Amino acid sequence: MIIAIDGPAASGKGTLAKRLAVHYGLPHLDTGLLYRAVARTLLDQGSPLDDEALAVKAAQSLDLGHLDESRLRGREMGEAASVVAAIPPVRAALVAWQRQFASRPEGAVLDGRDIGTVICPDATVKIFVTASAEERARRRHRELAGRGETTPYEEVLADIRKRDARDSGRTTAPLVAAHDARLLDTTNLGIEQAFQAAVAHVEAAR
Ligand code: C5P
């Protein structure tokens, strides 16, 4: 069983994907980490994020099974990741590994922006998780505050809008729901309610 979860930044798709993976005993791949790792490599080298040749080289030489998650989290890395993710050959360099992860005999849960549309178009279950930009900004703002980062709410909202525009507006693998994805709007749902709705959908689809 392959479960494909897509959605915009701070929609709750990561939390949902993790919980579904535990619930069904499946391995989980957060594909955003791959683009974050490419961006991290360029920043560590002091290279510009839009240097296509260097970005592709970084994508091709990532040690994909051993990404250091602690260095990839954070607001700035998400923003930087969306810049390199708009470069088509960077995406191309990462497709095979994601598909291989999804082809494990037991199945897998993958979350990202293009799982249901590009990486696993034949996934057993596709869920597109959304929430209003304001609600996503509130969640992100709260999360940052919890980590001691005092970023004004308006700035977090502007960030989210900018990332939405970049992810939805790019030509290759833009952020869009697959035609056969189930939309899950979590604007007015708690984590538990969103999880129950997702499980109900998986059960109906498997
Ligand atoms: O999901 P996360 O916030 O970690 O993703 C960071 C960025 O990586 C996204 O804004 C998006 O531009 C890119 N991404 C992507 N395709 C994926 C996963 C992430 O383009 N499957």
Side-chain angles (χ1 to χ4, degrees), residues 2-21 28-43 49-50 52 55-56 58-59 62 64 67-102 108-121 123 126-131 133 135-137 139-141 143-144 147 149 151 156-178 181 184 186:
I2 298 176
I3 303 179
I5 312 278
D6 290 302
S11 57
K13 66 181 180 335
T15 306
L16 197 59
K18 259 189 224 121
R19 287 204 53 182
L20 287 170
H28 167 227
L29 178 64
D30 169 357
T31 63
L33 287 179
L34 309 182
Y35 299 94
R36 287 168 180 259
V38 172
R40 176 90 258 171
T41 306
L42 293 174
L43 293 174
L49 290 168
D50 59 358
E52 191 165 319
V56 173
L62 282 183
L64 291 164
L67 299 177
D68 178 2
E69 212 176 311
S70 63
R71 300 193 65 232
L72 303 176
R73 293 285 166 210
R75 215 155 67 93
E76 297 79 11
M77 288 311 301
E79 177 61 25
S82 84
V83 176
V84 300
I87 303 173
V90 166
R91 307 196 67 84
L94 300 171
V95 167
W97 193 81
Q98 293 175 79
R99 289 201 178 134
Q100 200 184 325
F101 188 95
V109 180
L110 284 82
D111 75 270
R113 303 289 187 292
D114 63 341
I115 308 304
T117 50
V118 176
I119 303 298
C120 302
K126 299 180 185 179
I127 301 176
F128 192 83
V129 188
T130 59
E135 175 57 23
R136 287 184 283 132
R139 291 177 191 165
R140 184 54 54 88
H141 184 249
E143 181 194 323
L144 290 170
R147 290 208 303 258
E149 276 189 52
T151 314
V156 178
L157 178 61
D159 243 43
I160 281 192
R161 291 214 164 109
K162 190 167 146 203
R163 192 122 75 92
D164 282 357
R166 191 183 286 132
D167 287 348
S168 306
R170 68 185 176 216
T171 47
T172 306
L175 170 68
V176 61
L184 179 55
T186 67

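Keep in mind the model is a prediction, meaning the values are calculated, not measured. Each ligand, and each atom within it, is numbered from 1 in the order the structure gives.
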**Message:** Could you go through Arg147 and Glu143, starting from their C-alpha distance and side-chain angles, then the distance that decides it, and tell me whether this counts as side-chain contact (heavy atoms from CB on, under 4.5 Å)?
**Reply:** CA-CA 7 Å; Arg147 290 208 303 258; Glu143 181 194 323; 3.3 Å; yes
All N/O donor-acceptor pairs, side-chain side in residues 85-93, below 3.5 Å, sequence neighbours left out:
| unit_1 | atom_1 | unit_2 | atom_2 | d |
| --- | --- | --- | --- | --- |
| Arg91 | NH1 | Ala85 | O | 2.9 |
| Arg91 | NH2 | Tyr35 | OH | 3.4 |
| Arg91 | NH2 | Asp114 | OD2 | 2.9 |

Residues 9-18 side chain polar contacts: donor-acceptor under 3.5 Å, at least two apart:
| unit_1 | atom_1 | unit_2 | atom_2 | d |
| --- | --- | --- | --- | --- |
| Ser11 | OG | Pro8 | O | 2.9 |

**Asked** Hey, is Arg170 one of the residues with a heavy atom under 4.0 angstrom from ligand 1?
**Response** yes
**Message:** Distance under 4.0 Å to a non-hydrogen atom of Gly32: what atoms of ligand 1 satisfy this?
**Reply:** 4 (O), 5 (O), 18 (C), 19 (C)
**Message:** Any non-hydrogen side-chain atom of Ile160 less than 4.5 Å from a side-chain atom of Arg75?
**Reply:** no
**Numbering as shown, the atoms of ligand 1 that approach Asp167 to under 4.0 Å (heavy-atom distance)** = 9 (C), 10 (O), 11 (C), 12 (O)
**Request:** Write out the residue and atom name of the closest protein heavy atom to atom 6 (C) of ligand 1, then the distance separating them to 0.1 Å.
**Result:** Arg163 NH1, 3.5 Å
**Prompt:** How far apart are the C-alpha atoms of Leu64 and Gln100, what are their side-chain angles, what is the distance that settles it, and do they pass the side-chain contact (heavy atoms from CB on, under 4.5 Å) test?
**Reply:** CA-CA 12 Å; Leu64 291 164; Gln100 200 184 325; over 6 Å; no
**Request:** Kindly confirm or rule out an N or O of Asp114 lying under 3.5 angstrom from an N or O of ligand 1.
**Result:** yes
**Request:** Looking only at protein heavy atoms, identify the closest one to atom 17 (C) of ligand 1 and say how far it is in Å.
**Result:** Arg113 N, 3.4 Å
**Message:** Need the ligand 1 atom indices (1-based, order shown) with element for anything under 4.0 Å from a heavy-atom of Ala81.
**Reply:** 6 (C), 7 (C), 8 (O)
**Request:** Side-chain contact test, heavy atoms from C-beta onward, threshold under 4.5 Å: evaluate it for Ile115 versus Gln98 and give yes or no.
**Result:** yes
**Message:** Give me the atom names and distance for the closest heavy-atom approach of Ala37 to Leu67.
**Reply:** CB-CD2, 3.8 Å
**Protein heavy atom at shortest distance from atom 4 (O) of ligand 1** = Arg36 NE, 2.7 Å
**Item:** Side-chain ion pair, Arg140 and Asp159, N-O less than 4.0 Å
**Value:** no
**Request:** Give the numbers and elements of all ligand 1 atoms closer than 4.0 Å to a heavy atom of Arg91.
**Result:** 15 (C), 16 (N), 20 (O)
**Message:** Has Asp167 got a side-chain atom pairing as donor or acceptor with Leu175's backbone, closer than 3.5 angstrom?
**Reply:** no
**Request:** Please identify which atoms of ligand 1 are closer than 4.0 Å to at least one heavy atom of Lys13.
**Result:** 1 (O)
**Contacting atoms of ligand 1, where contact means under 4.0 angstrom from a heavy atom of Ala85** = 12 (O), 13 (C), 20 (O)
**Prompt:** What do you reckon, does Tyr35 have a nitrogen or oxygen under 3.5 Å from a nitrogen or oxygen of ligand 1?
**Reply:** no
**Prompt:** Of all the non-hydrogen atoms in the protein, which one sits nearest to atom 18 (C) of ligand 1, and at what distance?
**Reply:** Thr31 OG1, 3.4 Å
